[in-house]
Number of protein chains: 2
Amino acid sequence: MAAKAQRTPRRTDALSKERIIEAATEILDTDGENALTLRVLTTRLNTGYGAIYHHVANKSDVLAAATDEVIARVMTGVVIDAPPREALRALALGLFDAIDAHPWVGAQLSREPWRPALLEIYESIGRLLDALHVPERALFDAAGALVNYVLGVAGQNAANARALAHGEADRSVFLATAAAHWSQLDPDKYPFVHKAATQLREHDDREQFLAGVDIFLAGIATLR
Amino acid sequence: MAAKAQRTPRRTDALSKERIIEAATEILDTDGENALTLRVLTTRLNTGYGAIYHHVANKSDVLAAATDEVIARVMTGVVIDAPPREALRALALGLFDAIDAHPWVGAQLSREPWRPALLEIYESIGRLLDALHVPERALFDAAGALVNYVLGVAGQNAANARALAHGEADRSVFLATAAAHWSQLDPDKYPFVHKAATQLREHDDREQFLAGVDIFLAGIATLR
DNA sequence: ACCTGAACACCGTTCAAGT
DNA sequence: ACCTGAACACCGTTCAAGT
């Protein structure tokens, strides 16, 4: 008590951008996007602000790098030597699942869509569409449309996942509530939504996503 | 100076949720999403925090209501008595343009995709697809896919718009830089992206968006 | 009922100072 | 070079007090 306040001794094990990204990813995955603050990052890493800012530019940098990381893992993990149609579906599903598992990635990709992560996605999808014999003049638009569809759905899905926080029970309750709301709408004013209420309750997000990919591929096939 | 500090007299003209949303929309449109703070909202409306919180639940509420407002305007503005294919394209383009003009709407829709605004979109698109004779069993998936595509692209576009802040000059500089980057990539590792660099520089976002809608509609036509 | 504005509990980021 | 942690300039939100 009478002793002079002691500075905590400086860390001996090296901090690094990788270790920061790793810790940030863990926080994001377990506690969500709002839980990632510089403060919890410093305590988690037993360090100070300056140490973190010495390795990364700012908080955006951390989020962007963590996102690149997740996407890069998907891109290297997906098998590409399947027939192009199969490979395209597998790639789309891989991205969907990754964003479902890390909802913050979805938000990040729609916030900064020019990052290296997206380059890999464009390259893979473009190449696979080329293998599907999409005419060259249509390749750019087709790839753009497909990438946007995949990221768009994944992003929406992620938003729902974030909103529901955790738990499959929540999801069915949420869908049942929404479906009940839809079915109570005036069938004259909202014929489609009213009719679709049942499907809203029963649908599987992953299957619906794939159905959309198939519609897309069918449309692309007509470009031949 | 010796006088007692005087409270500013209370406002006489009524505050209302509408007036708050209106002011918020102006701030969002002119200065971007980050510029909307409760503080600037109070000064803009010559009022205090409590007055605002008396009319809205919180900041999210303001953003959500402002978004509903913008989308509702698009939905009532679009002509639906055109042939379904034309109407569908017009609707998609209307949404694209609205989100381009109000980029914060794009971010908001992917953050809270269950709002009333989205219900109207689903209803219109579902009904138009029905008019296109999409079989009933495929209607729900097709509508979901199309809505997600439209919002996905619009959202990405909005992200770019936000990143570029303002000005057409910025956009072409940005695209030229990105295209230069793409074209410098190793053609062996990135054949598609390397080849697509030219189109990246020259493409028109709106046209590419419509090309995607057409691919979609072509795919949907195969469901018949 | 409607409004004012001080106060609270947070943020991300900086930077002088330590090793 | 790498790290510490107090301090700064912000946030959104609450709430006692006014009319």
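Within every chain, numbering begins at 1; the chains are lettered A, B, ... in the order of the sequence lines, protein sequences first and strands thereafter. Worth saying up front: this structure is predicted, and the values here are computed from it rather than measured.
Below 30°, between 30° and 60°, or above 60°: for F209(A) and Y149(A) the angle between ring planes is below 30°, a parallel geometry.
Looking only at atom types and distance, the side chain of Y190(B) has a donor-acceptor partner in the side chain of E120(A) under 3.5 Å away.
At distances below 3.5 Å, not a single donor-acceptor pair connects side-chain atoms of Q108(B) with backbone N or O atoms of T67(B). The main-chain N or O of T43(B) is never found under 3.5 Å from a side-chain atom of T47(B) such that the two would form a donor-acceptor pair.
Remark: dA1(C) base-pairs with dT19(D); criterion is Watson-Crick or G-U wobble with both hydrogen-bond distances under 3.5 Å. Remark: dT14(D) base-pairs with dA6(C). Criterion, Watson-Crick or G-U wobble with two distances under 3.5 Å.
Taking atom CG on N58(B) and atom P on dC10(C), their separation rounds to 18 Å, with Å as the unit. Rounded to whole Å, the distance from CG on N34(A) to P on dG12(C) is 10 Å. Protein atom CD of E33(B) is 12 Å distant from nucleotide atom P of dG12(D), rounded to whole Å. As rounded to whole Å, 18 Å separates atom P of dG18(D) from atom NE2 of H54(B). Regarding I52(B), its CD1 atom lies at a distance of 13 Å from the C1' atom of dC2(C), rounded to whole Å. In this structure, the CG atom of L63(B) is 10 Å from the P atom of dG12(D), given to the nearest Å. In this structure, L38(B) atom CG and dC8(C) atom P are separated by 18 Å, rounded to whole Å. Counting to the nearest Å, the P atom of dC11(C) and the OH atom of Y53(A) are 13 Å from each other.
Here the nucleotide nearest the side chain of Y49(A), chosen from dC3(D), dG5(D), dT14(D), is dG5(D). Side chain of K59(B), nearest nucleotide from dG12(C), dG12(D), dT4(C): dG12(D). In the set dT4(D), dT14(C), dC11(C), dC11(C) carries the atom at the smallest distance from any side-chain atom of R39(A).
Residue T47(A) places at least one side-chain N or O closer than 4.0 Å to OP1 or OP2 of dT4(D). The side chain of H55(B) contributes an N or O atom lying less than 4.0 Å from OP1 or OP2 of dC3(C).
Among the atoms of the strands shown, only primed sugar atoms or phosphate atoms (P, OP1, OP2) are found under 4.0 Å from some heavy atom of L36(A).
Of the charged side-chain nitrogens involved, at least one lies within less than 4.0 Å of a carboxylate oxygen, so that E112(B) and R115(B) count as a salt-bridged pair.
Looking at which nucleotide of DNA chain C each of G50(A) and V40(A) is closest to, the 5′-most match is held by V40(A).
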